[in-house]
Structures are given as structure tokens and as C-alpha cells.
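Quick notes on the structure that follows.
First the proteins, then the strands, lettered A, B, ... as listed; each starts at 1. No hydrogens, no waters, no symmetry mates; every other heavy atom, side chains included, goes into these values.
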Protein chains: 2
Amino acid sequence: MAETGIDGTLEDRGPCSAGHSGSGLIKDVLARIGDKWSLLVIGMLDAGPQRFTALHRNVTGISHRMLTHTLRQLQRDGLVSRTSYPEIPPRVEYEVTPLGRTLIEPVLGLVRWADAHHDEIQQSRAAYDAEL
Amino acid sequence: MAETGIDGTLEDRGPCSAGHSGSGLIKDVLARIGDKWSLLVIGMLDAGPQRFTALHRNVTGISHRMLTHTLRQLQRDGLVSRTSYPEIPPRVEYEVTPLGRTLIEPVLGLVRWADAHHDEIQQSRAAYDAEL
DNA sequence: CCGCATCCTGAGGGATACTG
DNA sequence: CAGTATCCCTCAGGATGCGG
């Protein structure tokens, strides 16, 4: 089994307290995709370019503030591009970048895993909660 | 491109406000692996069974409290098993379950992605931060 | 229509000390 | 050595309102 990856690449090899430079690493990527909304937004944008309001409608529970913020982060990381059309009223379209698209694939791996095993997990949780 | 997955499986198809039952879905899986420590712990345990103190030493920045808590969650989800040996002093060993091992693979997909693209991301961030 | 600033609450998570 | 409980603080993130 390839144990080459996890402890060799996930870990920082050093005190992460100071957030030093060095390896850079996965932690901030996890921080990005692990947050509450990024994946949902990317998932929505995967269906095609969308304007702000459309996203706000489609991403179900997201607040105005968080949508803005999430889009900013994704844009900063180069996963999503923002195009503003100087009209009245203003129109802004968001789109997944090529880099962003490459992320979708590995994420789908996780999605499939979750889909395949979430009932096992449910059972395990039920069993665990039962024995007290 | 398989856009079959993301918006069809990530999303709840309904107001997630009430945390209703229905699809179950990936969100709680993401919540598990998206948290600060779970993946690090699993990564460590991937190298073989370990006792509490060993983990505490190896997982770099984790606090006593969070290690306990994380292990409990993983155990509850059936990703990690706990074996307690009734000795003095007590000895407890943690180990990745078969289910837990199946998780490692898709996670490695993400790890590889992060590894392959984190410099692009860094550049993108730098570029973004420059233009103000 | 879109974005930013402000305020406020609650969950996450660290430090510490106490039990078995 | 392993686990639990308590305290406290930080910050993600929701609500709202103004500006462009």
C-alpha cells in the first residue's frame, strides 16, 4: 500500500505553529476545499459561468457575505475567474478556470468514496452511539 | 467532462438549514476530513498501529484534547479502531480500519493535486495580492 | 446588480488540571 | 499512560446596511 503520500506530504516536517514557509503543502489546500462553501460554489460553476445572483440563488444556504468572500478566495487562488461587464446595472460573471477544473476530478474521487461508504459510516455511528 | 457528480451529489437538494435527513451526503464526510486534524492522524496511523502518546508526539502541533477528540470521531465513524490493553500502566493502540484504508486512496488524489498545483496557486495568490 | 464594512453569535480548538 | 472536564479565546460566518 502506498504510504508514500500521506505522512510524507500531508505533514509539515516541523512546527506548524509559526506557519513557516518551507514545504507549503496541502494544509492550505485542505483549508480551501475543506471550508463550508468553496466546493459547493465550484460545483455550481462547473455547470457553466454564472453571475453573482444566480450563484446566490443556486448555492442554497449561502449568505451574501460568504458568497462574496468565497469567490474572492477562489479567485485569489486562480480557481475561478471573475469577469465584470461595465453596464448599468453592473453584470459580473464567474467561471471555473482550467486550474479549477483540474481540481474537480480528485474531488469527485472523494465524492464517490463518500457516496460508496456513507451508509457504512452511518451504521458505525449508530453502533457507537448505542453502546454507552 | 463528468459534471455528473459535483452538483448532483455535493448538494443537498433542499434547505440545509434544518439539517434534515434525506440524502445524507458528502457534507459530513467533508466535515470530517476537512477538519484540522483527522487526515493528519489517519496519515500517521497509516504507517501502522500507534499508541496515544506516540501519536501525540508524531502529529506535530496537536493538543492532548484534540487528539482525544479526533480519535473519538474517527472511531465513531469506523475509520479507526481502538484497542485497550488492561495493564498497568494502561496501553491503548489505535489502528486504521479497512474502511479507513479505503479513504486514503481518494485523499491521496487530492494530495497529489495539491502537490502538483500548489505553486500555481502560490503564483496566483501573489499576482492577486500585487494588484491593489 | 454587485461589493465592502460593521456588528454579533457560536463552534472549534488550545491550555491546564484532575481522575483511574 | 490515557481520558475527561473546565476555562477561555479566536475566528468563521450570518444579518444588515451603505456605496458604486
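Summarising the local packing, NE2 of A:H56 is surrounded by more than 12 heavy atoms from other residues, nucleotides or ligands at distances under 6.0 Å.
Here the C1' atom of nucleotide D:dA15 and the NE2 atom of A:H56 are 11 Å apart, to the nearest Å. Look at CZ on B:R72: it is 10 Å from P on D:dA5, rounded to the nearest Å. Summarising the geometry, the separation between NE2 on B:H64 and P on C:dG12 is reported as 20 Å, rounded to the nearest angstrom. As rounded to whole Å, 18 Å separates atom P of D:dC11 from atom NZ of A:K36. Per the geometry, CG belonging to B:L71 stands 14 Å off C1' belonging to D:dT4, to the nearest Å. At whole-Å resolution of the value, CZ in B:F52 and P in C:dG20 are 18 Å apart. Atom CG of A:L67 is separated from atom C1' of C:dC1 by 13 Å (rounded to the nearest Å).
Mapping A:H69 and B:T68 onto DNA chain D via the closest heavy atom, the residue that lands nearer the 5' end is B:T68.
Two residues are said to be in side-chain contact when any heavy atoms from C-beta on lie closer than 4.5 Å; B:K36 and B:M66 fail this criterion. Residues A:L40 and A:I62 are not in side-chain contact: their nearest non-hydrogen atoms beyond the backbone lie 4.5 Å or more apart. Residues A:E120 and B:D77 have side chains not in contact (no heavy-atom distance under 4.5 Å, counting atoms from C-beta outward).
Contacts between residues 83-92 of chain B and DNA chain D, counted as heavy-atom distances below 4.0 Å, involve B:P89, B:P90, B:V92.
When only modelled atom types and interatomic distance are considered, B:R125 and B:Q122 share no side-chain donor-acceptor pair under 3.5 Å.
A distance-only check finds no donor-acceptor pair linking the side chain of B:S38 to the backbone of B:G34 [under 3.5 Å].
Side-chain atoms of A:D35 lie closest to D:dG13 of the nucleotides D:dG13, C:dG14, D:dG14. In this structure, the nucleotide among D:dT4, C:dG13, C:dC4 sitting nearest to the side chain of B:M66 is C:dG13.
For the pair A:R65 and D:dA12, the criterion of a side-chain N or O lying under 4.0 Å from OP1 or OP2 is not met.
The salt bridge (charged side-chain N to carboxylate O under 4.0 Å, His left out) test applied to B:D119 returns no partner, not counting sequence neighbours.
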